[in-house]
Amino acid sequence: MNGKRRRRLLALALAGTLAGALAACGGQGGGGGKDVFVFGTGSEPKTIYGPYASDGETFRVVRQIYEGLVTNEPGTTKIVPALAEKWEADASGKVWTFHLRQGVKFHDGTDFNAQAVCFNFDRWYNYTGASQSPDVTYYWQTVFGGFKKNEDPKLGPSLYQSCEAKDPQTAVITLSKPSASFIPALSLPAFSIASPAALQKYGDQLTISNGSVQYTGKIGENPVGTGPYKFKEWKRGDRLVLERNDEYWGEKAKIKTLVFRAISDNQARLQELQSGGIDGYDLVAAEDIPKLREQYNLLEREALNVAYIGFNQKKKPLDDIRVRKAIAHAINREALVKSKYPPGAEVAKEFLAPAIEGWTPDVPQYEYNPDKAKQLLAEAGQTNLTLEFWYPSSGGSRPYAPDPSANFQSFKADLEKVGIKVVAKGVPWTPDFLGAVDSGKAQMYLIGWNADFADADNFLGVFFQAEQPRFGFNNPQIFNLLNQAEQETDPAKRVELYQQANKVVMDFLPGVPYAHTKSYLVIRKEFTGLKADPLSNEVFAKVSPA
């Protein structure tokens with residue numbers, strides 16, 4: 001073992017100050033030994049358990065440890081086999097048969113099989129109490145709807161009905177109705193398959209106190225999946241360490257030890273890369289792209305995302321369309337995108353990304369017009385309007401918003417120009433900001449979305465197919481239109497329905513989309529193999545020494 005490698009591994013074992021240790025051992029730009037790869041992220045995971053996750057940084061870690069029945073081909077949006085080798089539906093489109101891989105083991109040595117698949121699906125379906133909160137099981141509710149016994153009357157019937165293990169390698173999932181987005185939705189880390197033995201050992205119980213989630217079950221700190229990496233340790237505020245799964249059923253990871261470090265500040269991530277503290281990071285700032293391109297491997301993602309200002313219509317006067325339109329006209333989206341976003345970013349006209357079928361330019365548009373904004377506010381009788389504006393003050397960097405605080409300051413200035421007093425509510429992304437938005441506590445907020453799979457249902461369906469606390473409205477026209485689109489199996493008709501839905505949504509204006517942006521990752525030239533993924537689904541098992 002060479003000297004640099006020995007120092008690197010020793011640094012990972014120390015319980016002291018990781019940043020200094022990694023920087024020292026990383027030294028001259030190679031990050032030390034080639035069997036360790038340290039990656040800088042925008043924030044820490046909420047919990048390392050997919051069903052309770054809804055943010056990209058949690059998913060980033062979950063994807064390395066867990067696997068689902070299907071996934072997307074690295075670097076593309078194509079759905080390919082994962083734990084299921086193949087699948088088919090019956091003539092009704094409601095009964096799906098999954099043929100599973102043989103010889104797959106969970107990290108605890110137990111068998112992956114059809115019984116494990118059904119155990120996980122039935123567990124999610126039977127969630128009760130706090131687990132039915134929309135900010136806890138966000139993806140179950142946006143994809144499958146309700147639970148076996150809904151405790152909230154606003155929850156509709158579940159798309160999921162049952163799972164049967166016909167034999168160890170055959171799982172049959174029955175839906176309540178056809179769904180054109182069911183298979184791509186299964187690629188979400190929220191539907192990763194966990195070891196039943198680990199779930200029974202550690203538990204996934206939780207409570208909610210004063211709007212904050214408390215994980216009493218310990219599966220989120222002891223994750224057990226089938227993926228190419230297995231969990232080693234998590235020192236919050238310091239590092240999260242994964243080790244190669246040498247018993248992995250597929251191609252083994254090239255790097256033995258994978259470390260994630262949460263560094264919320266863009267400049268700090270850059271400095272850590274330059275000093276040798278990390279080997280790569282996500283969410284490269286626009287101004288850093290030219291210099292990084294010369295010295296490092298810069299990887300570009302396609303713009304499958306949207307940044308938007310959200311309105312909670314339960315918080316008056318945002319229930320007044322004139323107020324919502326006034327805000328839309330007050331926001332100088334063009335100036336923000338031009339000054340704060342990387343090359344390739346564009347102003348958003350609607351919530352759906354242009355690369356997704358169903359996008360249409362024929363939607364109501366709200367040009368920057370402060371005078372019109374003032375006029376609309378006067379018509380609404382809101383000449384002295386005060387609004388709470390929530391934004392992530394730390395840990396909120398995302399591909400759609402590399403610098404949320406800068407976006408907030410720009411929009412705050414725009415709103416004040418038309419006479420709106422802004423009460424700043426800057427709080428950390430986890431748990432305060434995301435919890436406030438998903439629970440309906442936030443009045444107006446700065447957030448966005450990265451595609452999980454390349455389908456209009458993953459944008460419009462996730463946002464507006466049913467009533468949600470973050471938006472606080474009940475619009476049967478929008479709900480019914482999106483339900484119809486999800487169930488439509490004719491591709492051309494489905495596109496038409498989503499184009500129609502885009503027009504209706506932007507006329508109703510539940511928020512102001514403002515940017516679609518390409519995003520960038522950077523890694524040292526001493527490493528290769530990492531592919532930028534349009535869904536932010538990077539496979540770190542592919543990383544190898546150059």
Side-chain angles (χ1 to χ4, degrees), residues 49-55 58-59 62 66-71 79 82-84 87 89-90 92-98 114 116-165 171-194 199 204 206 438 449 451-453 455-471 479-480 482-489:
Y49 182 52
Y52 289 163
S54 61
D55 67 292
T58 300
F59 280 174
V62 169
Y66 288 102
E67 296 172 298
L69 296 176
V70 305
T71 189
I79 297 297
L83 292 177
W87 52 89
D90 71 351
S92 73
K94 296 190 291 186
V95 181
W96 289 85
T97 301
F98 294 87
V117 172
C118 291
F119 180 93
N120 278 264
F121 272 88
D122 286 340
R123 191 178 190 90
W124 307 330
Y125 180 51
N126 283 279
Y127 275 149
T128 59
S131 294
Q132 289 195 12
S133 173
D135 57 330
V136 173
T137 46
Y138 183 79
Y139 275 104
W140 176 270
Q141 295 184 42
T142 55
V143 173
F144 290 101
F147 300 86
K148 185 174 183 179
K149 294 182 179 179
N150 290 337
E151 297 173 14
D152 185 337
K154 294 178 182 177
L155 285 168
S158 179
L159 175 66
Y160 174 82
Q161 279 197 335
S162 66
C163 180
E164 177 188 1
V172 179
I173 295 177
T174 300
L175 307 179
S176 59
K177 60 185 178 182
S179 170
S181 61
F182 169 61
I183 292 298
L186 291 184
S187 67
L188 290 169
F191 306 123
S192 301
I193 305 301
L199 277 167
D204 57 357
L206 55 83
D438 285 343
W449 186 257
D452 300 300
F453 53 93
D455 191 278
D457 181 60
N458 188 237
F459 283 82
L460 299 181
V462 167
F463 299 153
F464 309 124
Q465 198 164 341
E467 188 172 356
Q468 289 196 50
R470 69 162 58 181
F471 291 109
F479 299 163
N480 294 337
L482 291 174
N483 282 330
Q484 185 182 350
E486 183 197 353
Q487 296 178 58
E488 179 57 65
T489 56

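This is a predicted model, so every value here is computed, not measured.
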Sequence neighbours excluded, which residues qualify as side-chain hydrogen bond (donor to acceptor under 3.5 Å, both in side chains) partners of Asp135?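 Partners of Asp135 under the side-chain hydrogen bond (donor to acceptor under 3.5 Å, both in side chains) test: Ser133.
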My understanding is that only residues two or more places apart in sequence, or in another chain, count here; which of them pass side-chain hydrogen bond (donor to acceptor under 3.5 Å, both in side chains) with Thr142? none
I'd like to check Thr174 versus Ser162 (side-chain heavy atoms, cut-off strictly below 4.5 Å). Are they in contact?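 They are in contact (side-chain heavy atoms under 4.5 Å apart), so the answer is yes.
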Compare every heavy atom of [Y] with every heavy atom of [X], then report the nearest pair and how far apart it is.
X	Y	value
Val136	Ala130	CG2-O, 3.8 Å
Leu199	Ala194	CD1-CB, 4.0 Å
Tyr66	Ser192	CB-CB, 3.4 Å
Asp455	Ser181	OD1-CB, 4.3 Å
Ala53	Thr58	CB-CG2, 3.4 Å
Ile79	Pro184	CD1-CA, 3.9 Å

Can you tell me how far apart [atom1] ([X]) and [atom2] ([Y]) are? Round to the nearest 0.5 Å.
X	Y	atom1	atom2	result
Lys177	Ser92	NZ	OG	14.0 Å
Phe98	Leu186	CZ	CG	5.0 Å
Asn483	Gln465	CG	CD	4.5 Å
Gln468	Gln141	CD	CD	8.5 Å
Glu488	Asp457	CD	CG	13.0 Å
Glu67	Leu83	CD	CG	5.0 Å

Report yes or no: does [X] contribute a side-chain atom to a donor-acceptor pair with the main-chain N or O of [Y] at less than 3.5 Å?
X	Y	answer
Asp452	Ala185	no
Glu486	Ser179	no
Asp90	Gly93	yes

Working note: Phe119 + Ile193, criterion side chain to side chain contact (heavy atoms under 4.5 Å, CB included); need CA distance, chi angles, decisive distance, verdict. CA-CA 9 Å; Phe119 180 93; Ile193 305 301; over 6 Å; no
Phe464 and Phe471 aromatic ring geometry - parallel, tilted or perpendicular at 30°/60° bounds: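 Ring orientation of Phe471 relative to Phe464: tilted.
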Assign the ring pair Phe191 / Trp140 to parallel, tilted or perpendicular, where the plane angle (0 to 90°) is split at 30° and 60°. perpendicular
For residues 116-131, which residue pairs qualify under side-chain hydrogen bond (donor to acceptor under 3.5 Å, both in side chains), counting only residues two or more places apart or in two chains?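 Residue pairs with at least one partner in residues 116-131: Tyr49-Tyr127, Tyr52-Ser131, Asp122-Tyr160, Arg123-Asp204, Tyr127-Asp204.
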Evaluate side chain to side chain contact (heavy atoms under 4.5 Å, CB included) for Phe121 paired with Leu69, printing each intermediate quantity in order. CA-CA 12 Å; Phe121 272 88; Leu69 296 176; 4.3 Å; yes
Hey, mind stepping through Ser176 and Gln161 against side-chain hydrogen bond (donor to acceptor under 3.5 Å, both in side chains) and telling me if it holds? CA-CA 6 Å; Ser176 59; Gln161 279 197 335; 5.1 Å; no
Just one of Leu188, Ile183, Val70 clears the side-chain contact (heavy atoms from CB on, under 4.5 Å) bar with Phe453, so which one?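 Single side-chain contact (heavy atoms from CB on, under 4.5 Å) partner of Phe453 among Leu188, Ile183, Val70: Leu188.
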For a side chain to side chain contact (heavy atoms under 4.5 Å, CB included) check, start with the C-alpha distance between Ser158 and Phe147, then their side-chain angles and the critical distance, and finish with the verdict. CA-CA 6 Å; Ser158 179; Phe147 300 86; over 6 Å; no
